[in-house]
Amino acid sequence: MKSSPGIQAVIDLTAGAAGGTACVLTGQPFDTIKVKMQTFPNLYKGFTDCFLKTYTQVGLRGFYRGTGPALMAYVAENSVLFMCYGFCQQFVRKMAGLDKQAKLSDLQTAAAGSFASAFAALALCPTELVKCRLQTMYEMEMSGKIAKSHNTIWSVVKSILKKDGPLGFYHGLSSTLLQEVPGYFFFFGGYELSRSFFASGRSKDELGIAALYSGLKATMIRAVPANGALFVVYEYSRKMMMSRLEAH
């Protein structure tokens, strides 16, 4: 069965959602610590201190506060990212004068990922704001900045809407774009370069899970399991759906 652009977009959307879910569930504890340290830099001495204090104060569930919005954020971001990534690849091919089925270079792939991230930022910004508010809820309650009753997703959403209206969810969009657009250029570029390196003359599609993780060894602690899970789940779920489609 021939893959149409619509079917291809649905496959990319689904695979991106699966990858985003894996990324969140793997990296959420590290993300929570990062957000706490960035929001309250004088409250914690370092990574270990923040980890121990969070566990002592709130328990294991403290590391997974904001998981709901985080899942929404990353599933939405990666679904839009990989769906638009397919379209952006075609755009890059057109701009470069290539055939629709032509393989892109690593640089061209990085450019396509960078373009796609601009669309993904629109989906990420609102849910990321709610997630960060929930992750720092304990510290904000202790400092008296919010009432203890205002510690749910809905209460955070209502607070933002009441104070700033719908556009309040897009505070920091420009900063998000400045982070995402160049960030995803190196994200996709580094991924493709690592695949090329580990392929050693073979097709990139023949690479296994170990090679995907090895290419991420130089990244930060959270990025090792989270981004590894993202690409592994995306690649394999997409490959599985494409093979089933072609079988029909």
Side-chain angles (χ1 to χ4, degrees), residues 20-78 117 120-184 186-187 216 218-227 229-230:
T21 301
C23 182
V24 169
L25 296 179
T26 307
Q28 181 68 8
F30 302 106
D31 185 67
T32 297
I33 292 173
K34 179 204 72 172
V35 171
K36 284 175 177 285
M37 292 178 68
Q38 288 178 331
T39 310
F40 299 95
N42 298 322
L43 200 58
Y44 302 106
K45 297 176 183 177
F47 180 90
T48 304
D49 182 51
C50 184
F51 179 90
L52 293 174
K53 283 184 177 177
T54 299
Y55 183 78
T56 302
Q57 293 163 349
V58 197
L60 188 63
R61 64 187 176 86
F63 296 106
Y64 283 92
R65 273 192 173 174
T67 299
L71 278 171
M72 291 171 61
Y74 285 95
V75 168
E77 179 191 19
N78 285 289
S117 70
L122 297 174
L124 173 66
C125 202
T127 44
E128 182 74 5
L129 177 62
V130 175
K131 175 188 74 75
C132 291
R133 294 274 180 95
L134 285 169
Q135 286 176 315
T136 57
M137 197 62 67
Y138 179 84
E139 289 81 358
M140 292 176 76
E141 287 176 355
M142 293 300 100
S143 63
K145 291 183 178 179
I146 61 165
K148 289 193 175 183
S149 59
H150 295 169
N151 58 0
T152 65
I153 295 175
W154 181 234
S155 64
V156 171
V157 170
K158 285 196 298 183
S159 173
I160 295 170
L161 282 172
K162 185 178 180 180
K163 185 178 180 182
D164 302 305
L167 290 178
F169 290 103
Y170 286 94
H171 281 172
L173 178 60
S174 57
S175 299
T176 302
L177 286 169
L178 285 171
Q179 169 190 292
E180 300 289 290
V181 173
Y184 272 105
F186 292 106
F187 187 65
L216 299 171
T219 56
M220 298 174 67
I221 294 175
R222 175 185 174 273
V224 174
N227 289 330
L230 167 63

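Quick note: numbers below take in every heavy atom, side chains included, and nothing from hydrogens, waters or symmetry partners. Note that the coordinates shown come from a computational prediction; the quantities given were computed from them, not determined experimentally.
Minimum interatomic distance between Leu173 and Ala121 (heavy atoms only, all atoms of both residues): CD1-O, 4.1 Å. Annotation for Gly172 and Cys125: closest pair C-SG, 4.2 Å, computed over non-hydrogen atoms. Minimum heavy-atom separation, Lys45 to Asp49: N-OD2, 2.9 Å.
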Can you check side chain to side chain contact (heavy atoms under 4.5 Å, CB included) on Glu180 and Glu77, steps first, answer last? CA-CA 11 Å; Glu180 300 289 290; Glu77 179 191 19; 2.6 Å; yes
Given side chain to side chain contact (heavy atoms under 4.5 Å, CB included), test Leu43 with Met37 step by step and report yes or no. CA-CA 8 Å; Leu43 200 58; Met37 292 178 68; over 6 Å; no
Side chain to side chain contact (heavy atoms under 4.5 Å, CB included) for Cys50 and Thr54? Distances and angles first, verdict last. CA-CA 6 Å; Cys50 184; Thr54 299; 4.1 Å; yes
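Taken to the nearest 0.5 Å, the NZ atom of Lys34 stands 6.5 Å off from the SG atom of Cys132. Remark: Ser117 OG to Leu177 CG distance equals 7.5 Å, nearest 0.5 Å. Of the inter-residue distances, the one linking Gln179 atom CD with Leu124 atom CG reads 8.0 Å to the nearest 0.5 angstrom. Atom CG in Leu161 sits 6.5 Å away from atom CH2 in Trp154 (nearest 0.5 Å).
Ring orientation note: the planes of Phe187 and Tyr184 are nearly perpendicular, at an angle over 60° on the 30°/60° scale.
Inter-residue side-chain proximity for Thr176 and Leu122 is flagged as unmet; no heavy-atom pair is nearer than 4.5 Å. By the 4.5 Å heavy-atom criterion applied to side chains, Thr127 and Phe169 are not counted as neighbours. The side-chain heavy atoms of Lys131 and Asp31, taken from C-beta on, include a pair separated by under 4.5 Å.
Residues Phe51 and Phe63 place their aromatic rings such that the two centres sit under 6.0 Å apart.
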